[in-house]
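Small disclaimer: the values here were computed from a predicted structure and weren't measured.
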Amino acid sequence: MNHLGIEVSVKNVPELDPGFLPLGKFYTAFLQDAKQPLDIAVERSNGQVAVYRTRIHGAPDKAGADRYYVERIIKTMLWLYGGYKVYLNGSEELCGAMRSMYCAGGQQAFDFDYMANVFEHPFEVVRCDRVPQEKGDPKAIGRHLDGCRIGFDAGGSDRKVSAVVNGEPVFSEEVVWFPKTNSDPDYHYDGIVAALKSAAEHMPRVDAVGVSSAGVYIDNRTMNASLFLQVPKDQFDAKVKDIYIRAITDTFGDVPYAVANDGDVSALAGAMNLGENNVLGIAMGTSEAVGYVDAEGRITGWLNELAFVPVDASPQAMRDEWSGDIGCGVKYFSQDAVIKLAPAAGITLAEGLSPAEKLKAVQALMDTPNSPAEAIYRSIGVYLGHALALYHHFYGFKHVLLLGRVMSGRGGDIVLETAKAVLADEYPEVAQAIAPTLPDEKARRVGQSVAAASLPELRA
């Protein structure tokens, strides 16, 4: 395959998506003849900086490939690490091209606006002679099981809460709610408080509260979350940014608390059950939710929003309706992937079904041996094998825990088997370094709520 003058060799291609061009393979081919050093840095909260050192061609005949490569790396860094300021030590021409993309009305206007809002700072691309030094702020959070704790898990369709005493759940409750369609922040607040009070009734006291919630959280504050999608911005700023802090302190007073992204808590739950660190958790459901626990067992504070990280270099890649970009993980590792591949497998899904119902319809077909639906899961497995090699390049993880509705049942087994085969065939060094797995029964029993309850540390 040839893309922007770069010849890319790919052995494993999804049978239902022959145009798929693994972005990691493009990167490898691009770098073969690239000699000009380039450093890219992304700055986020509290002076934290992520740095990526690479090379470009710097030649007129490869200018298009250079721009594409640099823009995709910046996009990846923004959604993997998060940040509001991008530093480049490249030419003014290259930096100007990136500024013209990452600006209001530009090609990457969504990323420009999102990052500025999350980090409450104007977004900018800066040319410099030397990029800032790398600086992280990982936190050893979680795995605290002592005392009487509440773990609250806020999902888009239900909210779960557990009362946990010395690491053992003594009560759990799951309640259907509708946060994504409700514009009143008091609806969300009241639901959170009701759940906390329900769990508290089953313990002699409350020593700490941990929260797992979809969205971006910085210093326990809600910076962006689809759960509050309908809440007007002025109400979001006034009542949602500190909603979990208020709910906990209003209900229990000055107790320790911690709020974390649900992907990170999933990875923490996996690490606790595996008895290992350096774990990437990927949940394939409504979207692609990801979390990471580093080699020291810490949560990094990165965004880990791999749903928006590109994995496909094909110009014909499917477009994400929200961000407006093409080739991003959400269309490859969620129920959207199953739905988009169904027609190519000869499967017609009824009109009027919700995406979740369409996924269930495909899963029902898997009950029949040699179902055409198997090709869907084999194709997703090929996507995943290539993407895991790309993700490993940035994270260096050892374990991968594959979660979510897409990975349930026989289809999930096919995805895992196919991904492992692709890794062994095209990325043998990565295949030897990582262990992709599905959660076992122990992981299902302990679950997200216990991991959430373990987030805060008790005061001495």
Side-chain angles (χ1 to χ4, degrees), residues 2-6 8 21 23-24 26-45 47-135 303 305 308-315 317 319-320 322-328 393-394:
N2 188 287
H3 183 51
L4 298 173
I6 305 296
V8 186
L21 179 56
L23 190 58
F26 173 82
Y27 289 164
T28 299
F30 174 90
L31 291 169
Q32 284 180 351
D33 298 322
K35 307 295 184 187
Q36 184 175 306
L38 178 72
D39 296 339
I40 306 170
V42 173
E43 182 178 349
R44 54 191 186 276
S45 301
Q48 298 172 62
V49 177
V51 177
Y52 188 81
R53 303 190 190 282
T54 186
R55 306 182 306 277
I56 59 173
H57 294 87
D61 64 329
K62 292 286 175 50
D66 281 352
R67 287 193 296 270
Y68 176 82
Y69 172 78
V70 173
E71 188 281 314
R72 294 287 85 178
I73 293 291
I74 290 173
K75 169 99 174 180
T76 296
M77 294 179 72
L78 287 174
W79 290 101
L80 196 157
Y81 305 117
Y84 59 84
K85 184 179 289 189
V86 178
Y87 298 89
L88 296 165
N89 65 353
S91 68
E92 183 55 48
E93 181 182 7
L94 178 63
C95 293
M98 295 304 108
R99 288 192 201 101
S100 70
M101 294 182 191
Y102 287 93
C103 67
Q107 175 186 310
Q108 304 304 130
F110 175 85
D111 313 73
F112 169 86
D113 184 62
Y114 188 100
M115 295 297 162
N117 285 327
V118 163
F119 293 100
E120 299 178 313
H121 196 287
F123 187 94
E124 54 186 325
V125 177
V126 176
R127 185 193 175 278
C128 57
D129 293 329
R130 180 179 297 177
V131 303
Q133 289 187 335
E134 180 128 7
K135 180 185 177 184
L303 288 192
E305 290 282 358
F308 298 110
V309 168
V311 296
D312 187 358
S314 170
R319 190 172 300 279
D320 168 41
W322 192 27
S323 70
D325 209 340
I326 65 172
C328 296
H393 173 72
F394 287 94

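- Side chains of Glu71 and Tyr102: a donor-acceptor N/O pair is present below 3.5 angstrom, by distance only.
- For Asp129, there are no side-chain hydrogen bond (donor to acceptor under 3.5 Å, both in side chains) partners, not counting sequence neighbours.
- Residue Gln133 places its CD atom among 12 or fewer non-hydrogen atoms of other residues, nucleotides or ligands, all under 6.0 Å distant.
- Residues Asp312 and Leu21 are in side-chain contact: their nearest non-hydrogen atoms beyond the backbone lie under 4.5 Å apart.
- To the nearest 0.5 angstrom, Gln36 atom CD is 11.5 Å from Arg55 atom CZ.
- With sequence neighbours left out, His393 forms a side chain to side chain contact (heavy atoms under 4.5 Å, CB included) with Tyr52.
- For the residue pair Ala59 and Asp66, the shortest heavy atom distance occurs at N-OD2, 4.2 Å.
- With Arg319 contributing its side chain and Gly324 its backbone, the two residues share a donor-acceptor pair below 3.5 Å.
- In plain terms, the two heavy atoms of Pro132 and Ala41 that are nearest each other are CD-CB, 4.0 Å.
- Taking the six-membered ring for Trp and thresholds of 30 and 60 degrees, Phe30 and His57 have ring planes more than 60 degrees apart, a perpendicular arrangement.
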(message) side chain to side chain contact (heavy atoms under 4.5 Å, CB included) for Met98 and Val86? Distances and angles first, verdict last.
(response) CA-CA 9 Å; Met98 295 304 108; Val86 178; over 6 Å; no
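- Taking CD of Glu124 as the reference point, atom SG of Cys103 lies at 13.5 Å (rounded to 0.5 Å).
- Scanning for side chain to side chain contact (heavy atoms under 4.5 Å, CB included) contacts around Asp39 gives Arg53, Asn89, Val131, with sequence neighbours left out.
- Across Gly47 and Glu43, no two heavy atoms sit closer than the pair CA-OE2, 4.2 Å.
- At least one side-chain heavy atom of Ile6 sits less than 4.5 Å from a side-chain heavy atom of Lys62.
- When the options Leu88, Thr76, Val51 are evaluated for a side-chain contact (heavy atoms from CB on, under 4.5 Å) with Ile40, the one that passes is Leu88.
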(request) Run the numbers on Thr54 and Tyr69 for side chain to side chain donor-acceptor pair (under 3.5 Å), then give the verdict. (result) CA-CA 10 Å; Thr54 186; Tyr69 172 78; 2.4 Å; yes
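- Side-chain atoms of Asp113 do not come within 3.5 Å of backbone N or O of Ala109 as any donor-acceptor pair.
- Remark: Arg67 engages no residue in a salt bridge (Lys or Arg N to Asp or Glu O under 4.0 Å) (not counting sequence neighbours).
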(message) Quick one, Leu94 with Leu38, criterion side chain to side chain contact (heavy atoms under 4.5 Å, CB included). Give me CA distance, side-chain angles, the key distance, then yes/no.
(response) CA-CA 11 Å; Leu94 178 63; Leu38 178 72; 4.2 Å; yes
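- Across Phe119 and Ser45, no two heavy atoms sit closer than the pair CD2-OG, 3.2 Å.
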(request) Apply salt bridge (charged side-chain N to carboxylate O under 4.0 Å, His left out) to the pair Arg127 and Glu93, showing each step before the final yes or no. (result) CA-CA 10 Å; Arg127 185 193 175 278; Glu93 181 182 7; over 6 Å; no
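- By the salt bridge (Lys or Arg N to Asp or Glu O under 4.0 Å) test, Lys75 pairs with Asp111, Asp325, sequence neighbours left out.
- The side-chain hydrogen bond (donor to acceptor under 3.5 Å, both in side chains) check on His3 picks up nothing, with sequence neighbours excluded.
- When all heavy atoms of Tyr81 and Phe394 are compared, the closest pair comes out as OH-O, 4.1 Å.
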(message) Apply side chain to side chain contact (heavy atoms under 4.5 Å, CB included) to residues Phe112 and Leu78 and explain how you reach the verdict.
(response) CA-CA 10 Å; Phe112 169 86; Leu78 287 174; over 6 Å; no
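- Ring geometry for Trp79 versus Tyr114: interplanar angle of 30 to 60°, hence tilted.
- For the pair Gly83 and Met115, the tightest heavy-atom approach, listed with the atom from each and the gap, is O-CB, 3.2 Å.
- Between Arg72 and Tyr27 the shortest side-chain heavy-atom distance falls below 4.5 Å.
- Formation of a donor-acceptor pair under 3.5 Å by the Arg44 side chain with backbone atoms of Gly82 is not found in this model.
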